[in-house]
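Everything below concerns the one structure shown next.
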Amino acid sequence: MARYTCSFIVSIPSDHLLPLLVELLQDCQLDIQYHTAEYIIGREVPGNVPFPKLITVEVLIDKSKSTETETRMSIVIKNEELPLHLDNYCRQMFELIKQSIESSRHWHLIESIAG
């Protein structure tokens, strides 16, 4: 199973972050399966890649460490593909979503830590 993680600190209140993240993930062609005020699960829509390569994205918004101006969040992107090559499909999608978060016009990125 391929699995990639990253943590971010962005300059936006946590209450405003959730709807913007849902929109961002939908723009990355993900179907939002579940979300609460602190957690989002998105899955890639079948049809473009073989089933084992379909990615799942989990986003955790850490409200316990958030302030009025900054929010911490972590993402996990995974699929059933064996990561036999460094540049596998899951990694490519991870980089796409990570770049979308880092360059979003809705907030200022304070810190990004890939895991």
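Each residue takes its place number in the sequence, starting with 1. Just so we're clear, the structure is a prediction, and the values are computed from it rather than from any experiment.
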Consider only side-chain heavy atoms of I, L, V, M, F, W and Y, link residues closer than 4.5 Å, and tell whether [X] and [Y] are in one cluster.
| X | Y | answer |
| --- | --- | --- |
| Phe94 | Leu96 | yes |
| Leu17 | Phe8 | yes |
| Val22 | Ile75 | yes |
| Leu21 | Ile9 | no |

Has His106 got more than 12 heavy atoms of other residues, nucleotides or ligands less than 6.0 Å from its NE2? yes
**Message:** Counting C-beta onward and ignoring hydrogens, is there a side-chain heavy-atom pair between Lys63 and Asp15 closer than 4.5 Å?
**Reply:** yes
(request) Would you indicate whether the side-chain heavy atoms of Ile113 and Cys6 approach each other to under 4.5 Å? (result) no
Next item on the list: Test Ser7 against Ser74 for side-chain hydrogen bond (donor to acceptor under 3.5 Å, both in side chains), laying out the working first.
Entry: CA-CA 4 Å; Ser7 296; Ser74 299; 3.2 Å; yes
For Ala37 and Leu18, the nearest pair of non-hydrogen atoms, with its separation, is CA-CD2, 4.2 Å
In terms of heavy-atom contacts, Leu109 and Ser112 come closest through CD2-CB, 4.0 Å
Point to revise | Full working for side chain to side chain contact (heavy atoms under 4.5 Å, CB included) between Val76 and Arg3 | key: CA-CA 7 Å; Val76 176; Arg3 178 184 173 101; 3.8 Å; yes
Which distance, rounded to the nearest 0.5 Å, do you find between the [atom1] of [X] and the [atom2] of [Y]?
| X | Y | atom1 | atom2 | answer |
| --- | --- | --- | --- | --- |
| Glu95 | Ile97 | CD | CD1 | 10.5 Å |
| Ser14 | Met73 | OG | CE | 11.5 Å |
| Arg91 | His85 | CZ | NE2 | 15.0 Å |
| Leu25 | His35 | CG | NE2 | 11.0 Å |
| Glu111 | Ser11 | CD | OG | 13.0 Å |
| Ile77 | Gln92 | CD1 | CD | 12.5 Å |

Contacts satisfying side chain to side chain donor-acceptor pair (under 3.5 Å) that involve residues 19-34 (not counting sequence neighbours) are Asp31-Gln33
side-chain contact (heavy atoms from CB on, under 4.5 Å) with Ser104: of Ile12, Leu20, Leu24, only one passes, and it is Leu24
Q. Is it the case that Tyr4 and Asn79 place a side-chain donor and acceptor less than 3.5 Å from each other?
A. no
Looking at Thr71, is its backbone amide N or carbonyl O close enough to the side chain of Ser66 to form a donor-acceptor pair, meaning the two atoms are under 3.5 Å apart?
no
Under a 3.5 Å distance rule, please check whether Trp107 uses its side chain to pair with a backbone N or O of Pro13 as donor and acceptor. no
#### Entry: side chain to side chain contact (heavy atoms under 4.5 Å, CB included) between Ile40 and Ile32, worked out
CA-CA 7 Å; Ile40 304 169; Ile32 304 305; 4.1 Å; yes
All N/O donor-acceptor pairs, side-chain side in residues 49-60, below 3.5 Å, sequence neighbours left out:
unit_1 : atom_1 : unit_2 : atom_2 : d
Thr56  : OG1    : Arg43  : NE     : 3.2
Glu58  : OE1    : Tyr39  : OH     : 2.8
Glu58  : OE2    : Lys78  : NZ     : 2.8

Hits for salt bridge (Lys or Arg N to Asp or Glu O under 4.0 Å) against Glu102, two or more places apart or cross-chain, chain-then-number order -> Lys98
